[in-house]
Every structure is written in structure tokens, then in C-alpha cells.
Amino acid sequence: KYDLVVIGAGPGGYVGAIRAAQLGMKVACIDENPQLGGTCLRVGCIPSKALLDSSEKLHAAKKEFESHGIGLGGVSLTLDVMMERKRKIVDQLTKGVGFLFKKNKIKRFEGRGRIVAPGKVAVEGKDEAQIEASKILIATGSAPATIPGVELDGDRIGSSTEALSYPRVPEHLIVIGAGVIGLELGSVWSRLGSKVTVVEYLDRILPEMDADVAKQAHRLFKRQGLDIKLKSKVLGARVEGEKCTVELEGAAPLTADRVLVAVGRKPYTEGLGLEDVGIKVNEKGRVIVSESYETSVGGIYAIGDVIGGAMLAHKASDEGVACVEKMTGGLGHMNYDAVPSIVYTEPEVACVGKTEEQLKKAEIPYRKGSFSFKANGRALAMGHADGVVKILAHEETDRILGAHICGPRAGDLIAEVA
Ligand code: NAD
């Protein structure tokens, strides 16, 4: 019998489990994957950042070094080495979670967790078991969404998981969706040599970001060679021999070697037993929770991508900590106005707080200031002087309500504002 059983060992679940153990709870954590760390560590943030960094270095060696007076001769790509480096980073981090579990005496179960009743979870798979626990924490995250007519075949038409491990650089890659995943992984393959076409349904890229900053980013991505087609509705995609065809509404079909479907993610609750125990979800299937992250069933909690809000690893981790601190009578606290979000393209796009569109909609009086990196000495010295910083502050109090940056190391700068 445990004090807490956590279902899911991603950044929400593993951090929550560790914090709970530090607070004196007897904790078990279930994950169906042999590698701990969830989507983020295995097939998300970490491997994508590894490839973003590698491909950026290739790009810099090819296109930027010369202007610094550095000549390298022929620069070449060995994709296998780049992929092996990525694999090693993932391996190190996922093993690190296992080490932290041992250190904090968290019992790990490998298998799928299914809630049988409040206080009872069945593990199906390698470590089959019936677990009893006073409290249950759902941290099962999300899975790639798809659109009607597009069948993921797990190879040529795939999600971000496949796009992190293409065996060869595709000649032509079509990305469906100009959101975070589409632009990050589209940038990776473009830098590695693919022709990349991004097909976006809306009239803009990065729909969650401030429109001014997204527009600036769009201009820069276009200049880098990404062919971004806005207002393009995908009707279907299929594999035909060695090629894929993507059908568009009102335009000629496109063909390419591979298709990356990056149209968002959906909460991952299949087979979890939510209906059996009466846990309520919203119209998008996301688990409804109270301020203390308790679901509609007492003693069962949920955090991370499976509940509402931004699908971000660090948001899930912080919710994990706040949730278990509240369980143990502590003052778990989460400030949703200070959760930064970063798109790791080059330049990076980062934001925290409200966008100008959100402030207008909420009728909050604000003032704005923006400044271009073109006149910033540090940016010029780095040779990355494209981009802008935009800050929104309350008209009367001057309190910062939002900051939006497209530019060099925006992901580092945003922490200052957060
Ligand atoms: P997203 O919501 O960021 O973008 C999806 C895009 O697809 C949107 O622009 C949407 O308009 C478009 N789209 C939807 N249906 C379409 C259609 N039929 N045809 C063409 N375009 C269509 O989703 P994502 O990029 O898949 O990312 C999923 C989640 O993962 C996001 O919540 C994101 O925050 C998270 N993520 C974060 C990071 C990061 O923080 N750096 C990196 C990767 C993913």
C-alpha cells in the first residue's frame, strides 16, 4: 500500500513523484515505456533540441563562419553521427530519472496503469500488479493529434516521433501545421538540406503567440527558405509508392518524400479507466481539476498535458510539485502568468504572460514598447541582429503583463521577464 501512485513518468509525473517522496510519502510510479522521462525526454523536447542544436551548427559552419573570417573547407553532414549523439543524450537523461527514483525510494512499475476504483490501480504489462494507494495522480500527458483524411502510417506520414529519426535527409518534406513542432522540426530538416513546405490552415503561423512577433518570425523563416503556405486546408494525405501526396482545398496537390503531421496534441487517457470511475473531462477530453488539481473523484488528481492549459513540460513539472505539496498540507503554488514558452527555432521566439490580442479581448488598458535587435550591440556582435522585443505593461500601474521576443537567445532572455 502506497501513499501515492503516479501514472506516467514524464516531466509532470516523475517530478511530482520525486517531490512527494521528498515530502515523506511512500510513492509508486507506473509507466508503460521502459525508458522513463515521458514524451519530453524520449521523443519530444530533448531529442528535438539536440537536433536543433546540431543542425544550427551545420548551418553556422556553412553560412556564417566565413563572415567571422573562419574558413573550414568542405563542411559535410554525417546524419548517423548526429542521430547517435541525440540518442546518447536521451539515454543519459532517461537513465538519470531511474537513478533519481532509486535515490528517493520510488517504486517503479513498468506497464499500463488503469484506475479500477478510487485508491486502486491495476498495472498491465511487464510488472503486472494491483496497487493500493491513498492518492492517485494522473500524469499521462498527450499524444499527437491528426486530421480527417490523414492516416499516419508511422513511417512516411508520421508525427514528430518519426521526424526525430528519419534515416535519410528527405528531398522534400511537407509539414502540416505551422505551430511549435512544425516550425522547430521543419527548421531542422531544412538546415540539413530538405526542401520544406509548411501548410497551415490559419492566416498566420504560431497561433498561440503574439501576432506582431509571429509575423516577424514568419518573415525570417521565409528568408531562411521555409515555404510557408497559409490559409491552406489539408483534405487528406496518402502514401503512393515512394512518395506522399497531400490534397489541399482549392489548390493543386503537393507531393513529397515525407509528411510530418504537427496539428496539435490530444490528452492521452485511453484505457485509463476514467469513465469507469466517473472522472469528468471537458469537450476536448482534458481532465477537469480543482485548484488543488483534484479531479471530480476525491483522492484522484491530475496534472500536465492531460489537464487544461499550455502543453509544456515545465508547466507540468511545476504542477506536479504544487499538487503534491498541497496534498501534504503545504502551500503548493503555480503562477500561470509567469510560465514562459519558447519556440527553439533560429532565431528563437519566446513569450511570457498575455499577448496583445488577449489584452484587447479582456479590455485591459495597456501600453506597449518594442525595440529591434538591429540597434543592439550584443546582437550585432553575435551576427544575429534580426528580431524584436515587445513588452506590454498595464497603462496605469506599469506592471508587465506580457513580453514577446523574436531574436537571438530569446529563450534565455524571457527568463528575465518571467
Ligand atoms: P500547435 O498547436 O502549436 O500547432 C498546430 C498548428 O496546426 C496550428 O497552427 C494549427 O492552426 C495548425 N493546423 C491544425 N489543423 C490543421 C489542418 N487541417 N491543416 C493545416 N494546419 C492545421 O501544435 P504542435 O506544433 O503540434 O505542438 C503540440 C504541442 O506540443 C503544443 O501544445 C506545443 O506547445 C507543444 N510543444 C512545445 C514545444 C516547445 O515548448 N518548444 C515544442 C514542441 C511542442
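Remember, it's 1-based here, ligands and their atoms both numbered in the order they're listed.
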Taking all non-hydrogen atoms of both residues into account, name the closest pair between [X] and [Y] and its distance.
| X | Y | answer |
| --- | --- | --- |
| Tyr14 | Ala9 | CD2-O, 3.6 Å |
| Gly271 | Arg114 | O-CG, 3.3 Å |
| Val27 | Ala21 | CG2-N, 3.7 Å |

Near [X], which atoms of ligand 1 are under 4.0 Å from a heavy atom of that residue?
| X | answer |
| --- | --- |
| Ile176 | 19 (N), 20 (C) |
| Gly177 | 6 (C), 7 (O), 12 (C), 21 (N) |
| Gly179 | 3 (O), 4 (O), 6 (C), 9 (O), 25 (O) |
| Val263 | 5 (C), 7 (O), 13 (N), 14 (C), 15 (N), 16 (C), 22 (C), 26 (O) |

With only distance considered, is Ile147 within less than 3.5 Å of ligand 1 through an N or O on each side?
no
Does Gly264 reach ligand 1 with a nitrogen or oxygen that is under 3.5 Å from one of the ligand's nitrogen or oxygen atoms?
yes
For [atom], state which one of [options] supplies the nearest heavy atom.
| atom | options | value |
| --- | --- | --- |
| atom 12 (C) of ligand 1 | Arg265, His314, Glu200 | Glu200 |
| atom 5 (C) of ligand 1 | Ser48, Ala262, Pro207, Ala313 | Ala262 |
| atom 36 (N) of ligand 1 | Val343, Val198, Val180, Val175 | Val180 |

Check whether any side-chain heavy atom of [X] sits under 4.5 Å from a side-chain heavy atom of [Y], and report yes or no.
| X | Y | value |
| --- | --- | --- |
| Leu51 | Met83 | yes |
| Ile405 | Cys351 | no |
| Tyr2 | Ile131 | yes |

Assign the ring pair Trp189 / Tyr166 to parallel, tilted or perpendicular, where the plane angle (0 to 90°) is split at 30° and 60°.
tilted
Counting only heavy atoms, which portion of [X] has something under 4.0 Å from ligand 1: side chain, backbone, both, or neither?
| X | value |
| --- | --- |
| Lys49 | side chain |
| Val199 | backbone |
| Lys233 | neither |

